[in-house]
2 protein chains.
Amino acid sequence: MPPTPSTFLNGIPELLVLRLLRDREMYGYELVQAIREASADQLTFAEGVIYPLLHTLERDGALSTRRQTINGRSRVYYSITPTGNERLDALSAHWRALTGAIANILKAPHHA
Amino acid sequence: MPPTPSTFLNGIPELLVLRLLRDREMYGYELVQAIREASADQLTFAEGVIYPLLHTLERDGALSTRRQTINGRSRVYYSITPTGNERLDALSAHWRALTGAIANILKAPHHA
DNA sequence: TATATATACCTATAATCGATAGGTATAGAT
DNA sequence: ATCTATACCTATCGATTATAGGTATATATA
């Protein structure tokens with residue numbers, strides 16, 4: 001049986017959302033596409049993943065929101081907060097440590 | 001709230017077990033410690049994670065087993081099968097593609 | 001001798017989180 | 001008039017790691 005669709009993806013939506021919002025504020029629908037485009041279609045998280053995540057991050061104080069109506073459509077813009085930046089730094093460091101350790105194991109010819 | 005203990009770890013136990021067994025056969029208890037040691041304590045998966053995983057991989061034909069009693073203690077040695085090697089190759093390729101895409105996004109100054 | 005630790009196996013349950021499949025509503029294109 | 005794109009939302013499923021148990025033998029220690 002094949003690997004499940006979410007293999008290796010635990011925590012990735014949060015990492016990417018925080019990373020993208022570090023550059024500029026974005027709204028949910030925009031983030032869904034930005035992740036897909038920034039990864040050349042290698043990573044596609046649907047709205048059912050991103051929206052609940054944004055709500056949780058806002059509830060945790062990592063993001064703040066601003067509502068705006070454009071062309072009759074309502075948008076919710078998300079901005080990263082200082083708390084969110086700290087979280088991004090922590091997640092990034094954790095990510096680098098883990099991927100570094102795993103890369104070592106994958107490429108090592110032997111494991112003393 | 002802090003990241004959960006399993007952040008970024010989905011699929012990693014399977015990847016590492018297959019990778020370690022590619023070098024030589026090992027038994028479950030040995031694998032638990034080998035993963036911890038090979039990662040310099042950065043990755044620690046308890047027996048409650050590794051044993052059920054080994055059973056699943058064996059059931060899927062990715063691993064084969066050999067029972068042996070040593071010093072009055074019973075061991076179950078696991079060896080990787082051709083199916084398991086194919087699975088390892090697929091997982092490794094998937095892992096490299098994902099981590100590559102994520103590394104790009106993390107380090108990019110802007111996302112056109 | 002008795003006890004604690006290490007070895008070696010196992011399972012059951014909880015908690016998290018991505019995947020999927022819905023649903024509402026407006027704008028614009030066919 | 002219909003379909004697609006935009007833009008938001010929630011509910012439920014499934015897979016997987018985390019945790020906490022449980023059994024049993026060998027060995028080291030008090």
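Chain letters run A, B, ... following the sequence lines, proteins first and then strands; every chain starts at 1.
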Let's see if you get this right: which residues in residues 64-75 of chain A place a heavy atom under 4.0 Å from DNA chain D?
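The answer is A/R73, A/S74, A/R75.
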Residues passing the side chain to side chain contact (heavy atoms under 4.5 Å, CB included) test with B/T83, sequence neighbours excluded, are B/T81
Could you tell me whether B/R75 and B/E25 make a salt bridge, using a distance below 4.0 angstrom between a side-chain N and a carboxylate O?
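Salt bridge: no.
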Judged by nearest nucleotide, the residue sitting upstream toward the 5' end of DNA chain C, B/L54 or B/Q33, is B/Q33
[N] [atom2] sits how many Å from [X] [atom1], rounded?
{"X": "A/L31", "N": "D/dC9", "atom1": "CG", "atom2": "P", "value": "12 Å"}
{"X": "B/R59", "N": "C/dC10", "atom1": "CZ", "atom2": "C1'", "value": "13 Å"}
{"X": "A/L15", "N": "C/dG18", "atom1": "CG", "atom2": "C1'", "value": "15 Å"}
{"X": "A/D60", "N": "C/dT16", "atom1": "CG", "atom2": "P", "value": "12 Å"}
{"X": "A/I50", "N": "C/dA19", "atom1": "CD1", "atom2": "C1'", "value": "12 Å"}

Can you tell me how far the [atom1] atom of [X] sits from the [atom2] atom of [Y], to the nearest 0.5 Å?
{"X": "B/I102", "Y": "B/F8", "atom1": "CD1", "atom2": "CZ", "result": "8.0 Å"}
{"X": "B/L106", "Y": "A/S92", "atom1": "CG", "atom2": "OG", "result": "5.5 Å"}
{"X": "B/D60", "Y": "B/E14", "atom1": "CG", "atom2": "CD", "result": "8.0 Å"}
{"X": "B/L98", "Y": "A/T7", "atom1": "CG", "atom2": "OG1", "result": "9.0 Å"}
{"X": "B/Y77", "Y": "B/S64", "atom1": "OH", "atom2": "OG", "result": "14.0 Å"}

Taking OP1 and OP2 of [N], is either one under 4.0 Å from a side-chain nitrogen or oxygen of [X]?
{"X": "B/Y29", "N": "C/dC9", "answer": "no"}
{"X": "A/Y51", "N": "D/dC8", "answer": "yes"}
{"X": "B/Y27", "N": "C/dC9", "answer": "no"}
{"X": "B/H55", "N": "C/dT11", "answer": "yes"}

Can you see which heavy atom on B/R19 is nearest to which on A/K107, and at what distance?
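What the structure gives for the nearest pair is NH2-C, 4.3 Å.
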What is the per-nucleotide protein-contact pattern of nucleotides 14-23 of chain D, from the 5' end, where B denotes a base atom under 4.0 Å from a protein heavy atom, S denotes such proximity for sugar-phosphate atoms only, and - denotes neither?
-SSSBBB---
Check whether any side-chain heavy atom of A/N85 sits under 4.5 Å from a side-chain heavy atom of A/L18, and report yes or no.
no
